[in-house]
Amino acid sequence: MTSDTATEVTDDMFDIMKSASRKDDVFGIDPSVNELEHHVAKLFGHEASLFCASGSMTNQLGLRTLLTQPPHSVLCDSRSHIYLYECGGLAYHSQAGLTPTLPKNELYLTAEDVQANIVTDDLCGALTKVIALENTLNGTVMPLDELQRIHTFARKQNIKLHLDGARIWNASQATGVALADYGQLFDTISVCVSKGVGAPIGSLVIGSSEIIRKARHLRKLMGGGWRQAGLLAKVAHHCIDTVVPTMPETHRLTKKLATKLEALGMRTLLPVDTNMVFLETAPLSIVELADALHEHNIVISRDEGSVTRLVLHHQIDAKAVDDFIRVASKLVQAKVDAKFSLPPSSKEAVDISKAYPTASVKL
Ligand SMILES: Cc1ncc(COP(=O)(O)O)c(C=O)c1O
């Protein structure tokens with residue numbers, strides 16, 4: 001449960017790879033890649049898309065196509081992937097500044113956050129040319145009406161919009177909002193198939209034909225042109241069609257896990273909208289929980305302290321969730337027994353949540 005990137009390639013996937021075409025995608029002539037790109041562009045209501053190696057690459061390509069003339073800057077959530085985890089790529093690839101913005105509601109950016117933080121000083125500032133949103137971010141869904149408000153504001157200001165939609169599939173499955181309804185609000189969209197979608201490798205950047213033509217050129221510049229990529233495209237296509245519809249079940253299991261852990265006195269620090277739980281594990285430490293879970297083949301991040309992130313995906317089943325709950329219950333019960341000096345076999349019921357009221361740690 002460390003990440004939804006930790007899905008395993010199945011034998012079925014290897015079989016599907018065998019049926020892929022084997023032409024050269026650098027020249028755009030591989031049918032399996034072209035079919036995937038066409039399929040994904042259509043899903044999001046855009047003209048074209050480009051299959052690439054990673055979400056970092058598709059974010060950087062999308063943003064680079066929108067950023068033409070420095071000095072310029074991008075406004076984004078201060079917890080976003082493009083700000084924290086892409087090696088300062090915006091400065092490197094696009095010569096762009098960043099305006100990392102913490103949402104006032106601590107969940108997602110609003111039109112008011114954007115309005116208050118864009119750079120409009122055209123003498124001393126680097127004007128905001130792009131607003132980059134991430135949906136989901138930390139598993140939290142951005143409401144469609146807020147996205148629409150930001151879109152309206154951005155259009156009035158002549159600012160472009162990019163979406164890091166690595167997990168937009170989860171948002172769409174959780175809310176019922178069609179991918180195309182999200183798609184129409186953005187100039188460029190990056191989506192990943194290597195996260196909850198379960199494919200081994202790959203992401204796509206989506207936009208107009210003109211933008212994607214530029215992105216293809218820039219991908220080559222970055223050394224990202226790949227030759228016989230058909231086998232990866234074929235698996236990605238299969239996973240989009242078969243794994244994405246299973247996400248509501250993954251979300252249901254995630255909520256069940258969160259609810260049961262809360263009943264043990266643990267605290268969830270963000271809404272559990274999709275497949276992630278940000279968990280304060282007190283009264284347990286992460287290490288003692290991780291050690292006990294390991295015996296049941298369940299792996300969680302072994303962070304120090306007592307705040308961790310659990311991430312579910314389609315290869316984590318109901319039994320694993322039940323095992324997790326059982327292991328955690330046993331450990332917490334042992335703490336309660338020790339605290340009240342009860343012999344392990346005592347039947348005396350102690351209210352766990354009263355014994356360990358939730359602590360007040362902020363994320
Ligand atoms: C929200 C988000 N965007 C982009 C990426 C980048 O994807 P990749 O690891 O394929 O570069 C990640 C990776 O975890 C992510 O979580």
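What you see below is based on every heavy atom in this structure, not just the backbone, and it leaves out hydrogens, waters and symmetry mates. Order of appearance sets the numbers: ligands from 1, and atoms from 1 within every ligand.
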Q.
One residue to check: Thr5. Relative to ligand 1, which of side chain, backbone, both or neither has a non-hydrogen atom less than 4.0 Å away?
A. neither
Q. Hey, does Ile189 have a side-chain heavy atom less than 4.5 Å from the side chain of Val191?
A. yes
Q) Would Val119 end up clustered with Ile150 when hydrophobic side chains under 4.5 Å apart are linked, directly or stepwise? A) no
Q) Can you list the ligand 1 atoms lying under 4.0 Å from a non-hydrogen atom of Ala166? A) 1 (C), 2 (C), 3 (N)
Q: State the atoms of ligand 1, each with its element, that fall below the 4.0 Å cut-off from a heavy-atom position in Ser56.
A: 6 (C), 7 (O), 8 (P), 11 (O)
Q: Just say parallel, tilted or perpendicular for the rings of Trp169 and Phe44, cut-offs at 30° and 60°.
A: perpendicular
Q. Among Glu86, Gln60, Lys195, whose heavy atom sits nearest atom 7 (O) of ligand 1?
A. Lys195
[Y] backbone acceptor or donor facing [X] side chain under 3.5 Å:
{"X": "Gln315", "Y": "Glu8", "value": "yes"}
{"X": "Asp122", "Y": "Cys124", "value": "no"}
{"X": "Asp24", "Y": "Val26", "value": "yes"}

Which protein heavy atom lies closest to [atom], and at what distance to 0.1 Å?
{"atom": "atom 15 (C) of ligand 1", "result": "His81 CD2, 3.2 Å"}
{"atom": "atom 1 (C) of ligand 1", "result": "Glu134 OE2, 3.2 Å"}
{"atom": "atom 8 (P) of ligand 1", "result": "Gly55 N, 3.4 Å"}
{"atom": "atom 3 (N) of ligand 1", "result": "Asp164 OD2, 2.7 Å"}

Q | Arg167 touching ligand 1 at heavy-atom level, < 4.0 angstrom | A | yes
Q.
Working note: His162 + Asn59, criterion side-chain hydrogen bond (donor to acceptor under 3.5 Å, both in side chains); need CA distance, chi angles, decisive distance, verdict.
A. CA-CA 8 Å; His162 171 79; Asn59 271 334; 2.9 Å; yes
